Amino acid sequence: MSAETPATRGRFTDWRLRFRAWRGDRPFWAGLFILFGGFPIAYFPYANLQLGHLTLAMATTAGAGSLIIGVLLIVLGISLWFQKHVRVFAGVAAILLALVSIPVSNLGGFVIGFLFALIGGAMAVAWAPAAPPEADAGTGTAVDGVSNGGPSQAPKALGENDLSGTIPANGANGRHSAG
């Protein structure tokens, strides 16, 4: 292979770049933290921990509550990955479930699950989608070099062809349209 031969990307590199783009478009880390917070909350009430010859059983009457809280946190974490528009609801629900897990689930899964769920919930509430890349007015290409269709496919002005009367550009917000 000479220096002039263009290098082709491998299958792993393509997969990694696609995963990176997918991960960057959603609150991935918040979902991962919430997911990791659900496992110890659901696991520890049913586990028998061995400390030498001493068996530490954490089975409590709140084992069902711990299982429900843990499973709900896992579902909220996964839903953040695939439905990013529920980020505020999922974040607030994760924070509330983490707080409820303190008295219900052995101090929130020995504080590990509580902290993961609390941090993940705060990250989910704070996450905002990235702004679309700005386009160069003359060439129709975005800053990163990807074409956005050029000036011929520019979006219509706000308020043009708006039949609902709810766009603020019209001077109406839709509150007083009932008559």
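Hydrogens, waters and symmetry mates play no part in the numbers below; they use all other heavy atoms, side chains included. All values reported here derive from a predicted model rather than from experimental measurement.
- Not one N or O on the side chain of Arg87 forms a donor-acceptor pair closer than 3.5 Å with the backbone of Leu80.
- Note that the CG atom of Leu76 and the CZ atom of Phe89 stand 6.5 Å from one another [nearest 0.5 Å].
- Residue pairs that meet the salt bridge (Lys or Arg N to Asp or Glu O under 4.0 Å) test with at least one member in residues 66-76, sequence neighbours left out, do not exist here.
- Shown here are the side-chain contact (heavy atoms from CB on, under 4.5 Å) partners of Val71, two or more places apart in sequence or in another chain: Leu67, Val75.
- The salt bridge (Lys or Arg N to Asp or Glu O under 4.0 Å) pairs that include a residue from residues 98-115 number zero, where partners must be two or more places apart or lie in different chains.
- When all heavy atoms of Ala124 and Gly91 are compared, the closest pair comes out as CB-CA, 3.8 Å.
- Sorted by first and then second residue, the salt bridge (Lys or Arg N to Asp or Glu O under 4.0 Å) pairs involving residues 97-120 (not counting sequence neighbours) form an empty list.
- Within the structure, salt bridge (Lys or Arg N to Asp or Glu O under 4.0 Å) contacts touching residues 116-130 (residues at least two apart or in different chains) do not occur.
- For the atom pair OG of Ser66 and CD1 of Ile41, the computed distance is 8.0 Å after rounding to the nearest 0.5 Å.
- What you find for Ala98 and Ala117 is that their closest heavy atoms are CB-CB, 3.7 Å.
- Distance check: Met123 CE to Leu118 CG gives 12.0 Å after rounding to the nearest 0.5 Å.
- Under the side-chain contact (heavy atoms from CB on, under 4.5 Å) criterion, Val125 pairs with Val92, sequence neighbours left out.
- Remark: Leu72 engages Ile68, Leu97 in a side-chain contact (heavy atoms from CB on, under 4.5 Å) (not counting sequence neighbours).
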Sequence neighbours excluded and cut-off under 3.5 Å, please list the side-chain donor-acceptor pairs for residues 12-39, or say none.
residue : atom : partner : partner atom : Å
Asp14   : OD1  : Arg9    : NE           : 3.1
Asp14   : OD1  : Arg9    : NH2          : 3.4
Asp25   : OD1  : Lys84   : NZ           : 3.1
Asp25   : OD2  : Lys84   : NZ           : 2.9
Arg26   : NE   : Trp22   : O            : 2.9
Arg26   : NH1  : Trp81   : O            : 2.6

